[in-house]
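Here is the structure we will look at, set down as C-alpha cells.
Everything numeric in this text was worked out from a predicted model, so none of it was measured.
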Amino acid sequence: MDYEQSDLYKLRHSAAHLMAQAVTELYPGAKLSIGPPIENGFYYDIEFAEPFREEELPKVEQKMRELSNLKQPITKRIASDRNEAKQIILQETTNGQGPENAFYKLELLEAIPAGDEVTFFEQRATDKQGKEHVFIDLCRGPHVENTGQIKHFKLMNVAGAYWRGDVKNKMLTRIYGTAFGSQEELDQYLHRLEEAKRRDHRVLGRELGLFMFSPIVGSGLPLWLPKGATLRETMGDFLKEEQLKRGYDPVVTPNIASIKLYEKSGHILTFREKLFPFMEDEEKETFVLKPMNCPFHIEIYRSQLRSYRDLPVRLAEFGTVYRYEQSGELAGLLRVRGFTQDDAHLFVRPDQLLDEFIGVVELMMLVLKKLGLQDYTVRVGTRDPASTKYIGHEENWKQAEDAIVAACQRLEMSYMVSPGDAAFYGPKLDLIVKDALGRDWQMGTVQVDYNLPERFELEYIGEDSKPHRPIMIHRAPFGSLERMIGLLTEHYAGAFPLWLSPVQIAVLPIADRHNEAAAALAERLRALKLRVIVDESRETLGKKIRENQRQKSPYMLILGDRDVEAGTVGVRHREEGDLGAMSVDTFLAKVQAEL
RNA sequence: GCCGCCUUAGCUCAGUGGUAGAGCAACCGCCUUGUAAGCGGUAGGUCAGGGGUUCGAAUCCCCUAGGCGGCUCCA
C-alpha cells in the first residue's frame with residue numbers, strides 16, 4: 001500500500017502534532033511552521049526564541065508521554081471561510097501567546113489555493129490537576145483518533161532547516177522523530193540504524209585500510225592507502241577494458257588551465273562558486289584548478305579538422321577534478337573536494353546521437369551489474385526554466401531533453417523527471433543509489449549537450465563538404481571513483497567480491513617453519529595475477545583467521561605440516577568457512593571459476 | 001556556508017574543578033601453534049589548537065580547526 005495512505009503515515013503525522021504540542025507547552029514563544037511525516041518518521045520545523053539543544057529532547061519526549069497519556073481526542077474543524085481560518089490561527093493556534101507566533105501559519109494559509117477547504121486539527125483534554133491542554137494546528141490531516149494511540153516514538157535529532165527550503169529565509173530548528181505502531185517495530189528500526197553504522201564506509205575505510213583524511217592535507221581531500229588504491233585500479237582496469245571494446249580513445253589533460261578556457265566554456269559564469277580560489281602567475285595570467293574535464297576534451301577535438309567519417313569521436317580520461325564544496329556538505333568519500341571521474345566525451349553527428357546515447361546507457365547497466373549494484377533509480381534531470389544557472393538556447397535544451405526521453409523509451413526504462421537537476425550545459429540521465437543510511441547519491445551520469453559545441457564552435461565536415469556542428473555526450477558510468485567506492489564499501493559492508501577485493505587470498509602458515517612454503521605459494525599465485533598476502537605474524541592460527549576475517553579477505557589458505565607433506569592447502573572462505581584441504585590446482589580452478 | 005552536537009594513547013572508549021585510565025593494536029620475551037582473541041612484560045597522551053575564568057581546568061567560558069547529523073548545494 002502507498003505509504004501516504006497508510007496508518008503508519010497517519011500515526012507519524014499525529015506524532016508530529018503531539019511533539020509540537022509538547023514544545024508549545026515547554027517553550028512559550030516557539031513559532032511552529034510545518035511538521036510532516038517523512039520516510040522513516042516525522043519532523044517539525046520550529047523557530048525557538050533561544051537555541052534548542054539536543055540534550056533537551058528527553059524533556060520534550062517526557063512531555064509528549066504525559067500528553068499522550070491524556071488520550072486527547074483529535075478532532076477536525078473546517079473553517080467556513082478564509083477570514084475565519086485567519087482568526088483561528090491568530091487566536092487559537094498560538095496557544096494563547098499572541099498573534100506574532102502565528103507568522104508561519106499565516107504564510108501557509110496564504111499558500112492554500114483559493115477554492116480549497118481549510119481544515120484544522122484539535123486535540124484537547126483536562127489533566128488530573130484540572131489543567132486544560134489544548135493544541136490546534138492548521139493541517140490537512142488525517143490523524144489518529146486520540147493522542148493515546150501515539151505510544152511508540154522517539155525523538156532522534158535536531159537540525160537546522162531554512163523556512164521553505166530557501167537559504168535567503170530564516171533558519172528554523174527542525175526536530176526529527178520517529179514513531180511506530182509497536183515497540184517491537186521501533187526497536188527494530190533503531191537496531192537497523194545501529195547496523196547501518198557498522199556498514200559506514202568511513203568506519204570500514206579505516207578498519208580495512210582503504211583511505212584516510214588528514215586535516216593538514218585539507219578537508220574533503222582523501223588520501224588513498226594501498227588497499228584503497230588497489231580498488232581504484234581494479235575498477236579502472238575493468239572499465240578501461242570495456243571502453244577499449246567500444247571504440248573509446250584515451251586522453252590525458254592537465255589539472256589546471258588558464259581562466260580563458262573556463263570563460264569560454266561558461267564555467268566562470270555558472271560554476272564560479274564551485275571553483276577553488278584562482279592562481280595568478282607573475283605575468284598576471286590567471287589559472288583555475290579544473291572542476292570538469294570537458295573543456296580540455298573539447299580542445300582536443302578542435303585540434304584537427306574532423307570529417308563526418310571520423311565521428312563518433314570518443315575521448316576518455318580518468319580525470320581528477322576539484323570543486324570547492326561548502327564545508328558542511330562534505331561527507332566521507334561520498335562528497336569530497338577532489339575526485340576522479342571516469343569521464344568521457346563523445347562527439348557525435350545528429351544521426352548518431354540516439355544510438356550512441358543508448359550505447360552509453362547499456363555500458364552503464366553493464367557496469368552496475370558487474371559491481372553488483374542492482375538497486376538504483378533513474379532520474380532525468382531537466383532544466384528549471386525559472387533558474388539562470390544554465391547556458392544556451394531553449395531549442396537546444398528541448399532537442400537534448402527529447403533525445404534523452406526517446407532513448408529511455410527505446411530502452412523501455414522507467415525513470416522520473418526532475419526539473420532543476422540538469423547540468424548547466426545540458427539535461428542528463430543519472431543513476432541514483434542509496435547509501436547505508438538511506439541517503440540518495442547520484443552515481444553514473446550521461447548528458448546530452450548542444451551548448452558547449454556551440455560555445456566552442458565545434459565542427460565536422462559533412463558529406464556535403466560543408467561544416468556541421470557535432471553534439472556532445474558527457475558520461476561517467478561510475479560517476480566518480482570516490483563516491484562509487486564509498487558506496488560499494490557500504491553495499492558490501494567491506495566484503496568486496498573476489499574480483500574487486502584488494503586482498504584476494506591470505507596465506508596463513510601455521511608455524512614459522514611453514515613460512516618458506518607460504519612464500520613460494522604466494523609467488524605462484526601472484527604469477528597468476530592474484531592479489532595475495534602472507535600472514536607471517538607469530539600468532540596462533542585462530543588469531544590469524546580472526547584478523548583476516550576482520551579484513552574480509554575472501555580466501556585464506558592454511559599451510560601446515562600435513563599440507564606441506566601432502567601438497568595441499570587448507571582452504572577457508574570468508575563466508576563459507578572451512579572448505580577442507582585440497583590441492584593448489586583444485587583451489588585455483590575454483591578461484592578461476594569465481595572470477 | 002547555516003543550525004545542533006562531537007574531538008582524551010594508533011583504534012574503541014572511561015574519567016565533570018584537585019597527581020591522566022582501560023581494552024585492543026604496537027614493541028620485547030616465552031610459546032611453534034590446524035579453522036574467529038596463547039601467556040607475561042614494556043612503551044605510548046601539549047586531554048584537537050589558541051585565549052580566558054580559577055589557588056588549581058581534560059572538566060567552566062570564548063575563538064579557531066577538524067568531524068558527525070540535517071538544511072542548502074552537487075559526482
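Comparing B/G34, B/G1, B/U32 by their nearest atom to the side chain of A/Ile510 picks out B/G34. Distance from the side chain of A/Lys428 is smallest to B/A75 among B/A75, B/G4, B/G69. Closest approach to the A/Ser219 side chain among B/G69, B/A75, B/G67 is made by B/G67 (side chain taken as heavy atoms from C-beta onward). Comparing atom distances between the A/Arg53 side chain and each of B/G38, B/C5, B/G69 picks out B/C5 as nearest.
Rounded to whole Å, atom P of B/C73 lies 11 Å from atom OH of A/Tyr390. What separates CD of A/Glu329 from P of B/G66 is a distance of 14 Å, to the nearest Å. For A/Glu325 and B/G67, the CD to P distance is 13 Å, given to the nearest whole Å. A straight line from CG of A/Asp342 to C1' of B/A75 spans 9 Å, rounded to a whole angstrom. For the pair A/Asp384 CG and B/C74 P, the interatomic distance rounds to 11 Å; values are reported in whole Å. In this entry the distance linking CG of A/Leu508 with P of B/U32 reads 20 Å, nearest Å. Here B/G4 presents its C1' atom at 13 Å from CZ of A/Arg174, a figure rounded to the nearest Å. When rounded to the nearest whole Å, the span between CG of A/Leu373 and P of B/A75 equals 18 Å.
Residue A/Lys170 places none of its side-chain N or O atoms closer than 4.0 Å to OP1 or OP2 of B/U72. An OP1 or OP2 oxygen of B/A75 is reached within less than 4.0 angstrom by no side-chain nitrogen or oxygen of A/Thr445. Listed pair A/Gln442 / B/A75 meets the phosphate criterion, a side-chain N or O lying under 4.0 Å from OP1 or OP2. Taking side-chain N and O atoms only, A/Arg202 has a distance below 4.0 Å to OP1 or OP2 of B/G69.
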Distances under 3.5 Å only, N/O to N/O: pair up the protein atoms with those of nucleotides 11-16 of chain B.
{"unit_1": "B/U12", "atom_1": "OP1", "unit_2": "A/Arg206", "atom_2": "NH2", "d": "2.9"}

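The partner of B/U16 cannot be assigned: no Watson-Crick or G-U wobble pair with both contacts below 3.5 Å exists in any strand. Nucleotide B/U35 has no partner under the Watson-Crick or G-U criteria, as no pair reaches both atom distances under 3.5 Å. Pairing partner, B/G1: B/C71, with both Watson-Crick or wobble hydrogen-bond distances short of 3.5 Å. With a 3.5 Å ceiling on both atom-pair distances, the Watson-Crick or G-U wobble partner of B/G10 is B/C24. Of the nucleotides present, none pairs with B/U53 by Watson-Crick or G-U wobble criteria with both distances under 3.5 Å.
Under 4.0 Å is where a charged nitrogen must lie from a carboxylate oxygen, and between A/Glu107 and A/Arg164 at least one such pair does. A salt bridge between A/Arg379 and A/Asp430 is present, with a side-chain N of the basic residue lying under 4.0 Å from a carboxylate O of the acidic one. No salt bridge links A/Glu565 with A/Arg562; every basic N to acidic carboxylate O contact stays at or beyond 4.0 Å. A salt bridge between A/Glu194 and A/Lys197 is present, with a side-chain N of the basic residue lying under 4.0 Å from a carboxylate O of the acidic one. With respect to the salt-bridge test (charged N to carboxylate O, under 4.0 angstrom), the residues A/Glu482 and A/Arg232 qualify.
In this structure a side-chain-to-backbone donor-acceptor pair under 3.5 Å is present from A/Glu490 to A/His201. Side chain of A/Lys105 to main chain of A/Ser33: a donor-acceptor pair is present (N/O by atom type, distance under 3.5 Å, no hydrogens or angles).
Aromatic ring centres of A/Phe52 and A/Tyr27 lie closer together than 6.0 Å.
Nucleic acid contact class of A/Gly165 (heavy atoms, under 4.0 Å, all strands): sugar-phosphate only. Among the protein residues, A/Arg439 comes within range of the sugar-phosphate backbone only, with heavy atoms under 4.0 Å from sugar or phosphate atoms but none that close to a base. Looking at heavy-atom distances under 4.0 Å, A/Lys274 makes contact with sugar-phosphate atoms alone, never a base. Counting any heavy atom pair closer than 4.0 Å across all strands shown, A/Val158 reaches a base atom. Base engagement by A/Val336 is indicated by at least one non-hydrogen atom pair under 4.0 Å involving a base atom. Using a 4.0 Å heavy-atom criterion, one finds that A/Leu172 contacts no nucleic acid atom at all. Within 4.0 Å of A/Tyr43, counting heavy atoms only, lies no atom of the nucleic acid at all. Within 4.0 Å (heavy atoms only), A/Gly542 reaches sugar-phosphate atoms of the nucleic acid but no base atom. Within the nucleic acid shown, A/Tyr176 comes within 4.0 Å of sugar-phosphate atoms alone, with no base atom in reach, counting heavy atoms only. Within 4.0 Å of A/Glu54, counting heavy atoms only, lie sugar-phosphate atoms of the nucleic acid but no base atom. Using a 4.0 Å heavy-atom distance criterion, A/Asp578 is classed as a base contact. Among the heavy atoms of the strands, none lies under 4.0 Å from A/Met484. Backbone-only contact: A/Arg513 has heavy atoms under 4.0 Å from sugar-phosphate atoms and none from a base. When heavy atoms are screened at a 4.0 angstrom cut-off, A/Asp561 is found touching base atoms of the nucleic acid.
Not a single donor-acceptor pair, N or O on each side, falls under 3.5 Å between the base of B/U33 and the side chain of A/Arg538. Side chain A/Tyr162 to base B/G70: no donor-acceptor pair is found below 3.5 Å. For B/U35, the base has a donor-acceptor partner in the side chain of A/Arg572 [N/O atoms by modelled type, under 3.5 angstrom]. Side-chain to base pairing of A/Arg483 with B/C74: one donor and one acceptor N or O lie within less than 3.5 Å of each other.
Across the P atoms, B/A20 and B/A48 are found 15 Å apart, a figure rounded to whole Å. Comparing the same atom, P, in B/U54 and in B/C61 gives a spacing of 16 Å after rounding to whole Å. Taking atom C1' in both B/C47 and B/U19, the straight-line distance is 15 Å, to the nearest Å. Separating the P atom of B/C11 from that of B/C55 is a span of 37 Å, rounded to the nearest Å.
Residue ring and base: A/Phe478 does not count as stacked with B/A75 (centre distance below 5.5 Å and interplanar angle below 30° not both satisfied).
Figure legend: cation-pi geometry between A/Arg12 and A/Tyr3 absent, as NZ or CZ is not positioned both under 6.0 Å from the six-membered ring centre and within 45° of its axis.
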Report the C-alpha distance between A/Tyr248 and A/Glu317 in whole Å, list the side-chain angles of each, state the deciding distance to 0.1 Å, and finish with yes or no for side chain to side chain donor-acceptor pair (under 3.5 Å).
CA-CA 10 Å; A/Tyr248 285 76; A/Glu317 173 178 24; over 6 Å; no
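One distance of note links OG of A/Ser553 with CD1 of A/Ile545; it measures 11.5 Å at 0.5 Å rounding.
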